[in-house]
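Encoded as structure tokens, the structure appears first; notes follow it.
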2 protein chains.
Amino acid sequence: MSVMAELKVKNMEEFAAKSGVSRPTVSKYFNDPKSVRATTRERIEKALELYEYRPNPYAVNQNRRLTKNIGIVVPYVGDPFFAEVARRLEWRCIEEGYLPTTFSSHGSPDHEVEILDLLQSMRPAGVLLAPIGRESDRSHMEAFCKEVPTVLVDANIEGIGAAFIGSDNFQSMSLMVDYLCRSGEPPCLFEMPPVNPNANKRRQAYSEAMDRLGHEPSVIRVEGSGWDFEAIGHREGLKVLEEGRLTSKTVLCSNDRLAIGFLSAAYEAGHKVGITDDCSLRVAGHDDHPFSRFTCPSLTTAAQNYDSIANFSVETLCELIADEGSNRLRRETLFDNKLVMRASA
Amino acid sequence: MSVMAELKVKNMEEFAAKSGVSRPTVSKYFNDPKSVRATTRERIEKALELYEYRPNPYAVNQNRRLTKNIGIVVPYVGDPFFAEVARRLEWRCIEEGYLPTTFSSHGSPDHEVEILDLLQSMRPAGVLLAPIGRESDRSHMEAFCKEVPTVLVDANIEGIGAAFIGSDNFQSMSLMVDYLCRSGEPPCLFEMPPVNPNANKRRQAYSEAMDRLGHEPSVIRVEGSGWDFEAIGHREGLKVLEEGRLTSKTVLCSNDRLAIGFLSAAYEAGHKVGITDDCSLRVAGHDDHPFSRFTCPSLTTAAQNYDSIANFSVETLCELIADEGSNRLRRETLFDNKLVMRASA
DNA sequence: ATACAAAATTTACGCGCGTAAATTTTTCAA
DNA sequence: TTGAAAAATTTACGCGCGTAAATTTTGTAT
């Protein structure tokens, strides 16, 4: 091992000179070390030990026919659910040899289109897009998806993108409603104005499941906009409890963040939540938000299959990239959720 | 308004041809519209209405003497505290006319140095770096900071970066200990092995404050590593409670995430937490984590001044960039925290 | 040793843009 | 009107790299 201070070399030209081969050969080497002769490879790798050099990824991607860039867009990183999704997507992209860059729309449709514009000039090989949803600029997104291979994640927007990967809200809501009815009073649904199709699907699935079991569905739609779901759940939960608008002692929230807010409202209102006899309310959520196991009581919820969703999303995108322009049918893939029974319901 | 479909133009050359001026003039225009003659400006802007064109930001930044790029690095976006910090930093950078890109080290020091390498080839005008802390590769970071103007945020690393902006842990811990002693039993400190200097400072500040008030400090250091603070707080909290190792009925946690975990442990162990007479424990945290107002009970904590920290960090970086290489003294700026009294203590 | 195809390398050019230097246009005083 | 300085624009070149085409080297059969 050379103890010599490694000298930094600023570009491929200089490094090629040091290693004694031409620059394009060095370029080939970095693209695929096996594509150069063994003797050449040795010379390059010997130089690599003496001099510190790595190709500038941005310059590389400006000139490649097809970049190794992948854009990841989530609607709101402040939401730990999406932070977790983004993290897993990033990781899988790196595993596949890509260079992911993650963006958050911060809940703003305007910012979402700006990100799309920025991404376009990045010439990504593909994009993993978890759209804001209902408020997203559909036409802009449609134009974008025509230019760059895009896989939609989490929230579906009909006809947009080359594929959609999400989870099966009907399966999970059915599972959840079954469980709640079996173990106690049939649930009412606590929801806010939907930001994306998932919320709508969940409401629909809830109603169907209740019907199927011979119970009257009861949806409590509260007001609120933006991405501060906990605050909405808290504020509106307090109102609902005070005004006695709760139609069941079992409250199924349309997602975990709303449930977390509702739990805090119930606590403040003096309710004890849980499945034990001394409890006056049961509360369940949806998603298995990273912190939902640490609520008081811990939250019963339908766990999205983070692993499968991230894996399959990236795999689908890779296939799409490999297939170039051969635009096949748009496919929608839904993964099953798992019922996670904890203390709250 | 022209209803004509705007034609996309792919590069500055083409657009310059459409507008009837030379490419470099168009380049000047996009750098500063006022730097071209009024008549020329009109011709360009007329073309801009007919054709859709925006300079490729990545190509721009490859050639600029000084980029408009700013890198933002946080240790872990999955932590809503850092997600919030990142969001505010991003916003302020955009306001100042920069192009921020946010990265998360995902709690891995290796990934942190990879991000630093990537950033370097991005040739950013400056970097806002919230380091992982104790495990960060100090020498690598030092080398990086010599090349690009860097402002450290949240976690200080002695002598590294051109400035540090954080919050005053002594002030907040003193405030908190004062309050807790005044209102009940003096607190013990619940902490995990420190990932960064803040935890150490907080312990030190806790001890000093206790001394000053004539109480015996009592630190409960639990085991755990990684960035799943809630899980550590929960697991170790359960142990501590079971084994009766708690030295006070008032538990001051070294951060909110740990407190959230501890709260869930206390709940499971059958404790009621809060300031009312029927409670057996009081729990406080630190940071004012975005969700700490929605715990059960809501968490009493020391709120970091997100606004001031984000604003001052970006302002400091902008000054640094403006001053070019005139390396002045490294400055450390600490903002005061506010005591947020909620239901838990 | 010789010929010839296959593999590897080098030459030459392009990507989309910034910028110093050279040229043109404008401004304004005499 | 003329002249020169000032301002604006254009020319020419470079950034760090990929890649098609041209050239050289290698491997194989004769």
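Model, not experiment: these values are computed from the prediction. Numbered from 1 within each chain, the chains take letters A, B, ... in sequence-line order.
Between A:Asp32 atom CG and C:dA7 atom C1' the separation is 15 Å, expressed in whole Å. Put simply, CZ on A:Arg65 is 11 Å from C1' on D:dA20, counting in whole angstrom units. Protein atom CZ of B:Arg54 is 17 Å distant from nucleotide atom P of C:dG16, rounded to whole Å. One atom, CD of B:Glu13, and another, C1' of C:dG16, lie 10 Å apart when rounded to the nearest Å. Going from atom CZ of A:Arg123 over to atom C1' of C:dC17 covers 14 Å, rounded to whole Å. Between the CG atom of B:Asn69 and the P atom of C:dG18 there is a distance of 13 Å, rounded to whole Å. Separating the CZ atom of B:Phe30 from the P atom of C:dT19 is a distance of 15 Å, rounded to the nearest angstrom. A straight line from OH of B:Tyr58 to P of C:dC17 spans 14 Å, rounded to a whole angstrom.
In this structure, the nucleotide among D:dG16, D:dC13, D:dT19 sitting nearest to the side chain of A:Asn56 is D:dG16. With D:dT10, C:dC17, D:dG18 as the candidates, the nucleotide lying closest to the side chain of B:Val21 is D:dT10. Comparing C:dT26, D:dC17, D:dT26 against the side chain of A:Arg37 picks out D:dT26 as the nearest. The side chain of A:Arg64 approaches D:dG18 more closely than any other nucleotide in the set D:dG18, D:dG14, D:dT10. Which of D:dA20, D:dC15, D:dC17 sits closest to the side chain of A:Tyr53 comes down to D:dC17. Among the nucleotides D:dC15, D:dT10, D:dG18, the one closest to the side chain of B:Thr25 is D:dT10.
If you check the side chains of A:Asn69 and A:Arg123, you find no donor sitting under 3.5 Å from an acceptor. Side-chain contact annotation: A:Asn11 with A:Arg23, donor-acceptor N/O pair under 3.5 Å absent.
The aromatic rings of B:Phe335 and B:Phe312 stand perpendicular to each other, their planes meeting at an angle above 60°, with 30° marking the opposite boundary.
Each of A:Ile165, A:Asn156, A:Leu152 was compared with A:Glu332 under the side-chain contact (heavy atoms from CB on, under 4.5 Å) criterion, and only A:Asn156 meets it.
OP1 or OP2 of C:dA8 has not a single side-chain nitrogen or oxygen of A:Tyr29 nearer than 4.0 Å.
Along DNA chain C, the nucleotide closest to A:Arg23 and the one closest to A:Lys34 are compared, and the more 5′ of them pairs with A:Lys34. Nearest-nucleotide assignment on DNA chain C puts the 5′-proximal partner with B:Gln62, out of B:Asn31 and B:Gln62. Position along DNA chain D of the nearest nucleotide to A:Pro24 versus B:Lys28 favours B:Lys28 as the more 5'-ward residue.
Not counting sequence neighbours, the partners of B:Phe15 by the ring-ring contact (aromatic ring centres under 6.0 Å, His included) test are B:Tyr53.
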